[in-house]
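So the structure is just underneath, and the comments pick up after that.
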Amino acid sequence: MLELKYVRQNIDAVKRVLIDRNDSTDLDKFEKSEAKRREILVEIEALRNSRNVVSDEIAKMKRQGENADTLVSDMRTVSAKIKEIEKTLSENEEIVKNTLISIPNIPHPSVPVGNDESDNSLVRQVGNIPDFNFKPLAHWTLGENLKILDFEKASKITGARFPLYMGAGARIERGLINFMLDLHTGEHGYTEVLPPFIVNRNSMTNTGQLPKFEEDLFKLDGWDYYLIPTAEVPVTNILQKETLDESTLPVKYTACTPCFRSEAGSYGKDTRGLIRQHQFNKVELVKFAHPDKSYDELETLLNNAEEVLKRLELPYRVVLLCTGDLGFSAAKTYDIEVWMPAQGMYREISSCSNFESFQARRGNIRFKSKGKKGTELVHTLNGSGLAVGRTVAAILENYQQEDGSVVIPDGLRPYMGNMERIQL
RNA sequence: GGAGAGAUGGCCGAGUUGGCUGAAGGCGCUCGCCUGCUAAGCGAGUGUAGGGCAAAAACCUUACCGAGAGUUCGAAUCUCUCUCUCUCCGCCA
């Protein structure tokens, strides 16, 4: 959420942002209601003030045994008047609040203006695309042939878009999780956390999934609880309503959780394989940073995520998302895309964002500096480090051999009981 | 699921015959003084959000004692609803 005062004072800039982001939020109605709201506020505060002052007077008179009936009846009128105006006030407040919560974050100046992913800019390309002297198979074919992935059985258990890993498939998923968490905790300085996978409405609102993107979420029937679409939600909310000491910044958490997404509106997209599932595991990196340092922290967060791919020796590229492709809460986002040989294209495997104070304002996450009065909002950041299912898919496709077996990347072998190869 | 207790500032903790309590007292923190150093001591200050006000300071003002609604001239205090926490019993991985 942006600051109300900022939006009011920079209304044209905000309107431009909405255009850049293809967002149709109506700010004209907002402007009118905000003006009305302030007008009424002045009036109502004057009335409340006189009520407070006179009520004190009544108290004094009563204590001295004087008759205060006139004043009491005057105030009865004033209170009725207040109640009446309060209704108009809250109507306008409602409009202001609802609009404010629907306005996306302001993109950082370094973010290219653009319409969609074709306007994203390439930051770097790392690793060599493998050269196959045979036609590489899709990971779902490899996985089914090797009997380590079984989508048919998974659909019996639940339905479409759920994974079932068997044998070495389950093992590689688990090995990757441990590999990633060990890297981030042991070498990158993150603290491992294991949060709830179900969160309440407030937490979802703080990180920006609600109220606008309810249709992307799984909601528990009869509860105001949701399955998390990413660990970002519970982990960022660990510190909601807290005031940190500046010296503790940046706070760095990592967590592996399942992620649940309804994938509404993506019917027919990536129907096969591990790329787009209703449930998948993801190792997430979350930072709470000082505003002056948050863009440096974004770069190191990105590097921390890239390190996973480097150690697995998977080719990838980093792209900077343009305004039109940027997520609702983010001010700047890098996507890491891994090479998928069978599809002959790069696919997103991580998304690293700086949300600046957008989430912190909603969640009320602050810090206090020594010797400075008051508190400031922290900047929140997060990124995948990495999406585990997609990493499995990338390993299967990039490390496949002509005989249909898959070589385990060197860096992962210690986590696989030194297994060198998955074969029938 | 049954029975009970509770929720007050950064923290602890008073305040429930409604009014002078934005909130005693303590701790912590900040600044100053004092002291070879440390510890202690002394003095002052120390919530958040909004509006007046475009902006810095100052000033004025409103709201906030778990959330929401109500009673009242006036609510931390009374009434109702909800949420959460704790204790005991039952059930359970």
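Keep in mind that this is a model prediction, so the values were computed, not measured. Below, read A as the first sequence line, B as the second, and so on, with proteins coming before strands; counting in each chain starts at 1. All values below come from the heavy atoms of this structure, side chains included, with hydrogens, waters and symmetry mates left out.
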Please state how far atom [atom1] in [X] lies from atom [atom2] in [N], giving the value in whole angstrom units.
X	N	atom1	atom2	result
A:Glu43	B:rU62	CD	P	15 Å
A:Glu45	B:rC64	CD	P	12 Å
A:Lys62	B:rG19	NZ	P	13 Å
A:Lys241	B:rG9	NZ	C1'	17 Å
A:Asn364	B:rG47	CG	P	16 Å
A:Glu246	B:rG10	CD	P	19 Å
A:Glu93	B:rA63	CD	C1'	10 Å
A:Ile365	B:rA49	CD1	C1'	17 Å

Looking only at atom [atom1], what distance separates [N] and [M], rounded to whole Å?
N	M	atom1	value
B:rU83	B:rA57	P	43 Å
B:rA75	B:rA69	P	14 Å
B:rU46	B:rC11	C1'	14 Å
B:rG26	B:rG70	C1'	37 Å
B:rG68	B:rU61	P	25 Å
B:rC78	B:rU72	C1'	10 Å
B:rU62	B:rA23	P	13 Å
B:rA63	B:rG22	C1'	11 Å

Is the phosphate of [N], meaning OP1 or OP2, less than 4.0 Å from a side-chain N or O of [X]?
X	N	value
A:Ser79	B:rG74	yes
A:Asn52	B:rA63	yes
A:Asn49	B:rU61	no

Practice task
Of all the heavy-atom pairs spanning A:Glu348 and A:Ser351, show the shortest one and how long it is.
Solution key: OE2-CB, 3.7 Å
Completion exercise
Which of A:Val199, A:Asp224, A:Asn237 passes side-chain contact (heavy atoms from CB on, under 4.5 Å) with A:Met204? Answer is A:Val199
What orientation do [X] and [Y] show, parallel under 30°, tilted 30 to 60°, or perpendicular over 60°?
X	Y	answer
A:Phe213	A:Phe328	perpendicular
A:His188	A:Tyr190	perpendicular
A:Phe367	A:His290	tilted

Problem - Heavy-atom protein contacts under 4.0 Å, nucleotides 52-57 of chain B, coded B base, S sugar-phosphate only, - none - result: S-SS--
Completion exercise
By nearest-heavy-atom nucleotide on RNA chain B, the more 5' of A:Ser50 and A:Leu71 is A:Ser50
Exercise for the section: Let me know, please, whether A:Met75 or A:Arg37 comes out on the 5' side of the other along RNA chain B by nearest nucleotide. Expected result: A:Arg37
Exercise for the section: Salt-bridge test for A:Lys62 and A:Glu66: reply yes if a basic N is under 4.0 Å from a carboxylate O, no otherwise. Expected result: no
Handout entry: Salt bridge present between A:Glu3 and A:Lys5 (N-O < 4.0 angstrom)
Key = no
With a non-hydrogen cut-off below 4.0 angstrom, is [X] in contact with a base, only sugar-phosphate, or nothing?
X	answer
A:Asp74	nothing
A:Tyr225	sugar-phosphate
A:Leu41	sugar-phosphate

Exercise for the section: Given ring-ring contact (aromatic ring centres under 6.0 Å, His included), test A:Phe218 with A:Tyr226 step by step and report yes or no. Expected result: CA-CA 6 Å; A:Phe218 285 111; A:Tyr226 298 81; over 10 Å; no
Practice task
From the options A:Ser353, A:Ser294, A:Ser110, select the one residue that forms a side-chain hydrogen bond (donor to acceptor under 3.5 Å, both in side chains) with A:Lys332.
Solution key: A:Ser110
Handout entry: Strand RNA chain B as a dot-bracket string - pairs counted if Watson-Crick or G-U with both distances under 3.5 Å, | where the partner lies in another strand
Key = ((((((((.[[[..)...(.....]]]((((((.......))))))((((((......)))))).[[[[[..)....]]]]])))))))....
Practice task
Go through B:rG50, B:rG19, B:rU71 for me and flag the one nearest to the A:Lys83 side chain.
Solution key: B:rU71
Handout entry: Residue A:Arg366, side-chain atoms from C-beta onward, closest of B:rU62, B:rU48, B:rC84
Key = B:rU48
Practice task
Would you please test A:His379 and A:Phe355 for ring-ring contact (aromatic ring centres under 6.0 Å, His included) and show each step?
Solution key: CA-CA 6 Å; A:His379 282 190; A:Phe355 302 91; over 10 Å; no
Practice task
Could you please spell out the steps behind the ring-ring contact (aromatic ring centres under 6.0 Å, His included) verdict for A:Phe197 and A:Phe260?
Solution key: CA-CA 9 Å; A:Phe197 304 157; A:Phe260 303 93; 7.4 Å; no
